[in-house]
Amino acid sequence: MKNVAIILLLAAVILGFSGPTETITVKGSDTMVILAQRWAELYMQKNPGVVIQVTGGGSGTGISGLINGTTDICNASRPMKPSEKSKLKQRYNSLGVEIKTAKDGLSIYVNEKNPVQEFSLAQLRGIYTGKITNWKEIGGPDQRIILYGRENNSGTYVYFRDNVMMGDDYSSTMQSMPGTAAVVNAVAKDEFGIGYGGAAYGKGIREAKVKVDEKSPAYAPTEENVKSGNYPIARYLYLYVRSRPSGAIKDYIDWILSPEGQSIVKKVGYFPVR
Amino acid sequence: MQRLKYCLLFLVITSALSYGQDSSKTVNERNITEIQDAVSGINETIAEMKTTLDALKKIKLSGYVQSQFTSTNGAGGYDGVKTSGPTAVGNFSGGALGKDVSSRFLVRRGRLKAVYKNDLTQYVMQIDVTQSGVSIKDMYLSVKEPWLKTFALTAGVFDRPFGFEISYSSSSREAPERTRMYQTLFPGERELGMKLEVIPTEQMGFLSLFNFKFGVFNGTGPTTHDVDNRKDVIGRLGIGLQFQEQNVALDAGVSVYSGSVRSNTKYVYEKINELDSTSTNNGKYFDRSYIGIDAQLYADFLPFGGSSIRAELISGQQPGTKDDNRSPSALLTGDMYVRNFLGYYAALIQNIGLSHQLVVRYDEFHPNSDNSSKNIGAPGSNMGLGDLAYKTIGIGWVYHYDENVKFVAYYDMISNDEISPITTNTAYRPYIKDVKDDIFTFRIQYKF
């Protein structure tokens, strides 16, 4: 009985001295979800007192979560829109703090059997607005182009529309997929399909080269080309927090930007910013 | 013979197996075809549902209800004295309190907003449903041009493009009500008319720091027909500066109101309340003109969270009647009083963590900036309660329970200037000292 009491007392002391668990919620970009999970797994291994919960849903969903107070950190594959900053200002009197964590070459996926090797930005704009509908118009077979893209809560969807399509609307024939992996999967199965998404997901399909215009050289979305700025549709991947970070959130973000955190970026297939 | 038997048996078994294989192959192929047909059917159904869903996504319903309890430190806002003048509490906090009534429950706002939004066009309808009935708040359409996506035209009933406080939604505002200055100059906030909005996109670089709104309106408020042929012009030029790394933002603007109000008598009291009884005054238009500046500064105040300081100042000329300085929504029937006015406020809002906000707001409104309120009711003075100046200090706490629900506790300390103590007008007598009209509001809001 005495031993039991001593064990219970020791257990109480040990539990009493063990610090409280900090929980950090991370929500947003599907493009970044694997990267965010890898960061979280490694960080939790090294910091057992911290629990990091990562979910996707798209950049728009993450930013809404930041505004509604349902997430601590938002992952976004596009910058916040002025209207979103305005909502954050109204509710929290804060613009939101933007942290660039990685760089990504937005890849153009085609099926491995597709002979088309490269696209100009004007061609991509024509394809996705529905003005170019047949592969033969850009040197491919006489077959209809099947468009795959993302849903409108996706940062990749918004980035592609704003920077490649110059704000034009997507063709109504585009099939909206719930994640980048679904786009890759669809293009891998569809000989005449085309899709777009993060470089990290480019497995099982071919990533086409992209050029600014017909006269420019075309570049593949490699680290060298993305970092040098030669690849024309490169973008940053962001973290957003409501106010300047402090406490456990600051420690986590500092670690993400450390050499160790940035090495994960490279392992997942994106390009480090530091 | 035995061999022949074995040979026959072998032939039967192999042909049976072969038939079985062929048969199984046919069944598999049939199954695959059936599955492919089923998948095609599902795809067609999904494509059809997607078309319906895409159409439904264009419709957005939102709304909020504000249910509250208010209590004043003076019954009816007049120390229990029934008067015929403008109410001190009532008109500025959701309707006049009854005689000897010092507290009440109220649905202050019950909004339902429907928006149908295509890429460049939208239809907006907002109604307000409270114990007083149903009224229209917004009813407008807007169209954005497709080339620069910078110019937008709005027509209908919508917020007047003046200053900051009008366009800051009541559901987001930390204080329960707008300042006395705004409630006096822009009752109902909205107006019937047309507006051009210029909001440059981010791709336009330096220009995207600016925004411009300009509109032409009836000048009689949101729910009444125009009463004259003159139209009022309202405009605001704004700038928004953001310092992302420091998490600091500064928004500011200059606003102008240029309108007029028709006099329907020859008796007009101008500026220092001197009577002008020229016969041509009857039917003459007198300027209703304001100029305003506003600024909002947002910054982190660690470790608490974001904080903002907001301030506005409006000065100008306002036609009214002797005892009422609110912007008229109908033809004036009595003598016209044309006053120069000055009003301003400053507010500090401090977020504390995710859920809490503290608010402090100070506002002053001098409806007659040329004369002191002390002359109201004095012998020989033509001044009335429409000239009475007010100062208000408000202190409040906001608790965001979740993304839908918030609680607000707010106390407004309202001080009127003291008028001439020798007035014999019974309606004015309560104002020879500060009327007991401080008001406490406890509000619960649900927003979706």
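Everything numeric in this text was worked out from a predicted model, so none of it was measured. Here is the naming used below: chain letters follow the sequence lines, and residue numbers restart at 1 for every chain.
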Contact origin within A/Lys85 toward chain B - heavy atom pairs under 4.5 Å: side chain
What one should report as the nearest heavy-atom pair of A/Ser94 and B/Asn247 is OG-ND2, 2.9 Å
Counting only heavy atoms from other residues, nucleotides and ligands, does the tally under 6.0 Å from CZ of B/Phe206 exceed 12? no
Side chain, backbone, both or neither of B/Val248 within contact of chain A (heavy atoms, under 4.5 Å): backbone
Are any non-hydrogen side-chain atoms of A/Asn93 and B/Arg310 less than 4.5 angstrom apart? yes
Determine yes or no for a side-chain-to-main-chain donor-acceptor pair under 3.5 angstrom, with A/Asn68 supplying the side chain and B/Glu403 the backbone. no
Do the non-hydrogen side-chain atoms of A/Tyr92 and B/Gln357 ever get within less than 4.5 Å of each other? no
Quick check on the structure: residues of residues 244-259 of chain A within a heavy-atom distance below 4.5 Å of chain B, by number. A/Arg244
Among A/Ser172, A/Gly96, A/Ser176, A/Gly69, single out the residue with the greatest number of heavy-atom pairs under 4.5 Å to chain B. A/Gly96
Any side-chain heavy-atom pair from B/Glu202 and A/Pro82 closer than 4.5 angstrom? yes
Chain A-proximal positions within residues 297-304 of chain B [heavy-atom distance under 4.5 Å]: B/Tyr298, B/Ala299, B/Asp300, B/Leu302
Non-hydrogen atoms of chain A under 4.5 Å away: do they reach the side chain of B/Ser355, the backbone, both or neither? backbone
Quick one, A/Gln90 and B/Glu174 - any side-chain contact, counting heavy atoms below 4.5 Å? no
Taking all non-hydrogen atoms of both residues, which atom of B/Gly306 and which atom of A/Ser243 are closest, and how far apart? N-OG, 3.8 Å
Would you say that more than 12 heavy atoms from the other residues, nucleotides or ligands in this model lie under 6.0 Å from the CE of A/Met166, or not? no
Is the number of heavy atoms from other residues, nucleotides or ligands within 6.0 Å of NZ (B/Lys117) greater than 12? no
So, the side chain of B/Lys149 versus the backbone of A/Gly167: is there a donor-acceptor pair under 3.5 Å, distance only? yes
Quick one: what part of B/Gln246 sits under 4.5 Å from any heavy atom of chain A, side chain, backbone, both or neither? backbone
Close side-chain approach of B/Asn351 and A/Arg242, heavy atoms under 4.5 Å: no
A/Thr70, part contacting chain B, at a heavy-atom distance under 4.5 Å: side chain
Return the CD to CD distance between A/Glu98 and B/Glu245, rounded to the nearest 0.5 Å. 9.0 Å
B/Gln244 versus A/Val97: any side-chain heavy-atom pair under 4.5 Å? no
Answer yes or no: does atom OH of B/Tyr401 have more than 12 heavy-atom neighbours from other residues, nucleotides or ligands under 6.0 Å? no
Largest heavy-atom contact set with chain A, pairs under 4.5 Å, which of B/Leu354, B/Asp402, B/Asn404: B/Leu354
Atom NZ of residue position A/Lys113 - does it have more than 12 heavy atoms of other residues, nucleotides or ligands inside 6.0 Å? no
When rounded to the nearest 0.5 angstrom, what is the spacing between NZ in A/Lys89 and CD in B/Gln242? 6.0 Å
